[in-house]
Student: 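Handing you this structure, nothing more for now.
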There are 4 protein chains.
Amino acid sequence: MSPKVSKEHLEQRRAKIVEAATQVFIEHGYERTTMKHVMDAADVSRGGLYQYFSNKEDLFEAILADRLLIDVAKTDQLLKEKVESYWDLLLSRIFGESKEPSDHMDPLAASNLEFFITGRNDQRRRNYAQERYSFALKLYANIIEAGQQSGEFSNKQSGEMIARSIITFIDGLALDHAILPKEDVKLKEQSSLLIEYLRLALEVKN
Amino acid sequence: MSPKVSKEHLEQRRAKIVEAATQVFIEHGYERTTMKHVMDAADVSRGGLYQYFSNKEDLFEAILADRLLIDVAKTDQLLKEKVESYWDLLLSRIFGESKEPSDHMDPLAASNLEFFITGRNDQRRRNYAQERYSFALKLYANIIEAGQQSGEFSNKQSGEMIARSIITFIDGLALDHAILPKEDVKLKEQSSLLIEYLRLALEVKN
Amino acid sequence: MSPKVSKEHLEQRRAKIVEAATQVFIEHGYERTTMKHVMDAADVSRGGLYQYFSNKEDLFEAILADRLLIDVAKTDQLLKEKVESYWDLLLSRIFGESKEPSDHMDPLAASNLEFFITGRNDQRRRNYAQERYSFALKLYANIIEAGQQSGEFSNKQSGEMIARSIITFIDGLALDHAILPKEDVKLKEQSSLLIEYLRLALEVKN
Amino acid sequence: MSPKVSKEHLEQRRAKIVEAATQVFIEHGYERTTMKHVMDAADVSRGGLYQYFSNKEDLFEAILADRLLIDVAKTDQLLKEKVESYWDLLLSRIFGESKEPSDHMDPLAASNLEFFITGRNDQRRRNYAQERYSFALKLYANIIEAGQQSGEFSNKQSGEMIARSIITFIDGLALDHAILPKEDVKLKEQSSLLIEYLRLALEVKN
DNA sequence: CATGAATGAGAATTCATTCAT
DNA sequence: CATGAATGAATTCTCATTCAT
């Protein structure tokens, strides 16, 4: 009994839904998008949608997981390519390849925050949030601690705490960016301040 | 001519609703609380509730406004009492009277963020968010700039940008505190890092 | 124990409510006006309003009754003044003093129809409707029959049936006038047709 | 790809709702019927009902549209069959196949009037009313004008105005029939008067 | 597997009427 | 008498989820 449809076909269909749903979530936010929105955007039937994702939460988590995978892949490549300096590595981790502050932010970030904040009383969601947090924390902390051991960074501050404060600040930026007009957040300038701070805190040589 | 009930009674009733609603919002968050929740908690009838607040948004904004008033009053008093050093003033503005990092956070903060983030596509809500942001920004910026002019703080960094980054970081803390278990946010430690950073950025003497 | 307030005062108050309510009913129609609308327009308190009229239906009926009284008074005067010809009498009864078709209609007529048609399943309302119908019928019929007896009108058609058809046609006009744009109803022209018809049916000499 | 249920099934279901709703509207009138009434009568769930009709207004308009279609079909057939005399055509248009006054009236007529009269301040409803009026007007006017051109009717009166007055009178009849007891309206007799009038106005030969 | 019709719990809001002061 | 706060029944509409075909 071979499956009626190929695995690729299923994968394609799923990918199409994920992509369409991402756009919908970006546009309407997590709470306000309905399964109907997704159905229409992905051109799937109700039943079809539920075949792949058993509810809105599941769908959103799938999007997050997919993106995490991509993110991890990027980081892995980063680690392979450029280890000239941990400082550069840290910057590219924070700001992407350009290693420079930009006035752009992941368009899904707002819905992301929304997802976790509206679900903060739900244990499942809390666990998921924590998992993701731990993951990100480890990522930053590893880089910083490696830099400290190599002597590139100072040991004055705990690497983990610096990592935490990076995440906190970026979360704050994402939040304000979601809520306020661009003129108010000054994404770029604030990012520069963050770099400035890190340079001081880590006593980066150069 | 003679009103049925005294003005105080009305105020009391309103206050009772506001208080009860605050607890409900703290417990369930903004999106998840329903007017029914509030009715039950405040022991008011449906109609009674709607007499005072014409919908959930209105009710929540009333709570925010009430709290802002209290906050402003506190700040005013602060300004009258202690102007020994702008550094102290800034700290008491950030952490309250104790001027010290604590592991406690305004319990309504989470719903607050939720309110603004789920309503980020609503113009009315955006305006409201911006208004509140501007208000807070001015508050911090004024203190910092006064400190700079007095020579207590360095001019190296723009006072306004520092003010912005304080807000961003605090927002990030509130967000993470809402979502993650206490052990992860390390409110107190991160607050200390913030102080450390400000000390560096403002080149506070002492 | 003399009453605390004079009877005139009460009458004035009542009249004020009736007048304001009339305007409100004209503007919003019967179903759509709320007691709140009336309260605001008449500048009375809720309780005050209910003191005079125990509900919306009662209020509306009071308005109708008041207007009927005025109408009856006018007719009485008509009868005293001008009995030169029953034809003239009939016309002034239908079109008012001018005895001529006009493009204007009692502004309350629409709410009137609405009142009776939405309440057509209510026995009380039906009775009231019938009462008013009988009254109007008698009015027209009396004039026509008197004209027939005087020889001014022909006996070919039953006076009562003509009276009925006058009412029916006027009701139809009121209805169409309420619903359709002025251009479509052609109130004046249709009224002229009615006269034309009556002239034929009654074989009016002149 | 394969739809769950046949198109016929959907049509049947829709038809069932329309039919049930028609009965409900006849019984309670437009304003007084609630979607719950319809749900119960049609044995549909709330969601099911809203799947087909997005609100009460939509539902009612659907009923009207369905009936208009039937009406148009009947007229078309009429036109094909009997063009012996325009007079007969006119009568069958007014009174149906029997061409004779009857003491019966479309049971939905009352709700129909109610629908338009309670919605007279709503632009959408007004447009709809006008559209329907224009349609009916053209229908009558066409017949009369054709009769005038053929010489069967006199040109003395404008065909369009006669058409208007027919509609006005029928509307009046429907109104009175909705509100008053049968004994008062005398539908049959008044219809005869209408015929009499038309015969005079059009100077019908025979 | 895919479809989309059907379900029904639940939330918001309105308003006539009552009644304590 | 007058006031207007309080009540709560009633209604509309939405949407996640199920399930027969």
Side-chain angles (χ1 to χ4, degrees), chain A residues 3-6 9-10 13 31-39 44-59, chain B residues 1-7 9-10 13-14 17 31-39 43-59, chain C residues 3-6 9-10 13 31-39 44-59, chain D residues 1-7 9-10 12-14 17 31-39 43-58:
Chain A
K4 273 186 202 153
V5 290
S6 69
H9 178 248
L10 290 188
R13 213 174 149 80
E31 286 289 317
R32 303 277 180 266
T33 93
T34 70
M35 291 303 249
K36 182 74 164 55
H37 286 147
V38 177
M39 284 161 46
V44 210
S45 73
R46 193 154 227 115
L49 178 52
Y50 275 89
Q51 206 103 44
Y52 289 92
F53 306 99
S54 56
N55 51 48
K56 195 164 71 157
E57 187 166 5
D58 190 36
L59 172 58
Chain B
M1 303 289 157
S2 57
K4 176 183 156 194
V5 291
S6 68
K7 204 165 181 178
H9 178 252
L10 287 190
R13 207 174 154 82
R14 201 198 105 106
I17 293 176
E31 287 288 319
R32 302 279 181 264
T33 94
T34 71
M35 291 302 250
K36 183 72 166 58
H37 286 147
V38 178
M39 282 162 51
D43 200 32
V44 210
S45 70
R46 188 148 237 118
L49 178 52
Y50 276 90
Q51 201 128 39
Y52 288 91
F53 306 99
S54 55
N55 50 49
K56 195 166 70 161
E57 187 165 4
D58 190 37
L59 172 58
Chain C
K4 273 186 199 151
V5 291
S6 69
H9 178 249
L10 291 187
R13 214 174 147 77
E31 286 289 319
R32 303 278 180 264
T33 93
T34 71
M35 289 305 249
K36 183 75 165 53
H37 286 147
V38 177
M39 284 161 48
V44 210
S45 71
R46 193 152 228 116
L49 179 52
Y50 275 89
Q51 207 104 43
Y52 289 92
F53 306 98
S54 56
N55 51 47
K56 194 164 72 157
E57 188 166 4
D58 190 36
L59 172 58
Chain D
M1 303 289 159
S2 58
K4 176 183 155 194
V5 291
S6 67
K7 206 166 181 179
H9 178 251
L10 288 190
Q12 266 181 31
R13 207 173 153 83
R14 201 198 106 107
I17 293 176
E31 286 289 319
R32 302 280 178 264
T33 95
T34 71
M35 290 304 249
K36 184 76 165 58
H37 285 147
V38 177
M39 281 162 53
D43 201 31
V44 209
S45 70
R46 184 147 242 120
L49 178 51
Y50 275 90
Q51 202 129 37
Y52 288 91
F53 306 99
S54 55
N55 51 48
K56 195 166 72 160
E57 189 166 3
D58 190 37

Student: Measure CZ/C:Phe53 against P/F:dA2 and give the value in whole Å, please.
Tutor: 12 Å

Student: Atom CG of B:Leu59 and atom P of E:dA11: how far apart are they, to the nearest Å?
Tutor: 16 Å

Student: Tell me, please, which residues at least two apart from D:Arg14 pass side chain to side chain donor-acceptor pair (under 3.5 Å).
Tutor: D:Asp66

Student: Just wondering, do C:Val44 and C:Arg13 contact through their side chains at under 4.5 Å, heavy atoms?
Tutor: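 The answer is yes; the side chains approach within 4.5 Å.
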
Student: Sequence neighbours left out, what passes side chain to side chain donor-acceptor pair (under 3.5 Å) with B:Glu57? Give chain and number order.
Tutor: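 By the side chain to side chain donor-acceptor pair (under 3.5 Å) rule, B:Glu57 matches B:Arg125.
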
Student: Taking atom P of E:dA6 as reference, at what distance in whole Å does atom CZ of D:Arg14 sit?
Tutor: 13 Å

Student: Report the residue (A:Asn55 or D:Tyr50) whose heavy-atom-nearest nucleotide on DNA chain F is the more 5′ of the two.
Tutor: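 It is D:Tyr50, whose closest nucleotide lies nearer the 5' terminus.
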
Student: Measure across B:Leu49 and B:Met35 and return the closest heavy-atom pair with its distance rounded to 0.1 Å.
Tutor: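 Heavy atoms of B:Leu49 and B:Met35 come nearest at CD2-O, 3.6 Å.
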
Student: Taking all non-hydrogen atoms of both residues, which atom of B:Phe53 and which atom of B:Leu59 are closest, and how far apart?
Tutor: CD1-CD1, 3.6 Å

Student: Reckon D:Tyr52 touches a base, only the sugar-phosphate, or nothing at all at heavy-atom distances under 4.0 Å?
Tutor: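 Sugar-phosphate contact only.
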
Student: Within this structure, what is the CG-CD distance for the pair B:Leu10 and B:Gln51, rounded to the nearest 0.5 Å?
Tutor: 9.0 Å

Student: Please give the stem ranges for DNA chain F, sorted by first residue number, where a stem is three or more consecutive Watson-Crick or G-U pairs and both donor-acceptor distances are under 3.5 Å.
Tutor: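 Paired runs of 3+ in DNA chain F: E:2-21 with F:2-21.
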
Student: In whole angstrom, give the distance that lies between atom CD of D:Gln12 and atom P of E:dA6.
Tutor: 11 Å

Student: Tell me, please, which residues at least two apart from B:Thr34 pass side-chain contact (heavy atoms from CB on, under 4.5 Å).
Tutor: B:Lys36, B:His37

Student: Could you tell me the separation between the CD atom of C:Glu57 and the P atom of E:dC15, rounded to a whole number of Å?
Tutor: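 Rounding to the nearest Å, CD of C:Glu57 and P of E:dC15 are 18 Å apart.
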
Student: How many whole angstroms separate atom NZ of C:Lys36 from atom P of E:dT13?
Tutor: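 Interatomic distance, NZ of C:Lys36 to P of E:dT13: 18 Å.
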
Student: Is any side-chain heavy atom of D:Lys56 closer than 4.5 Å to one of D:Val38?
Tutor: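 In short, these two side chains do not touch, never coming nearer than 4.5 Å.
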
Student: Applying side chain to side chain donor-acceptor pair (under 3.5 Å), can you list everything that pairs with B:Glu31, at least two apart in sequence or on another chain?
Tutor: A:Arg32, B:Thr118

Student: Please report the distance, rounded to the nearest Å, between CG in B:Leu10 and P in F:dT3.
Tutor: 16 Å

Student: Nucleotides 7-11 of chain F: which of its N/O atoms have a protein N/O under 3.5 Å away?
Tutor:
unit_1 : atom_1 : unit_2  : atom_2 : d
F:dT7  : OP2    : B:Arg13 : NH2    : 3.1
F:dT7  : OP2    : B:Ser45 : N      : 3.1
F:dT7  : OP2    : B:Ser45 : OG     : 3.0
F:dT7  : O5'    : B:Ser45 : OG     : 3.4
F:dG8  : N7     : B:Gly47 : N      : 3.1
F:dG8  : O6     : B:Gly47 : N      : 3.3

Student: Report the distance from atom NZ of A:Lys56 to atom C1' of F:dT14, rounded to the nearest whole Å.
Tutor: 12 Å

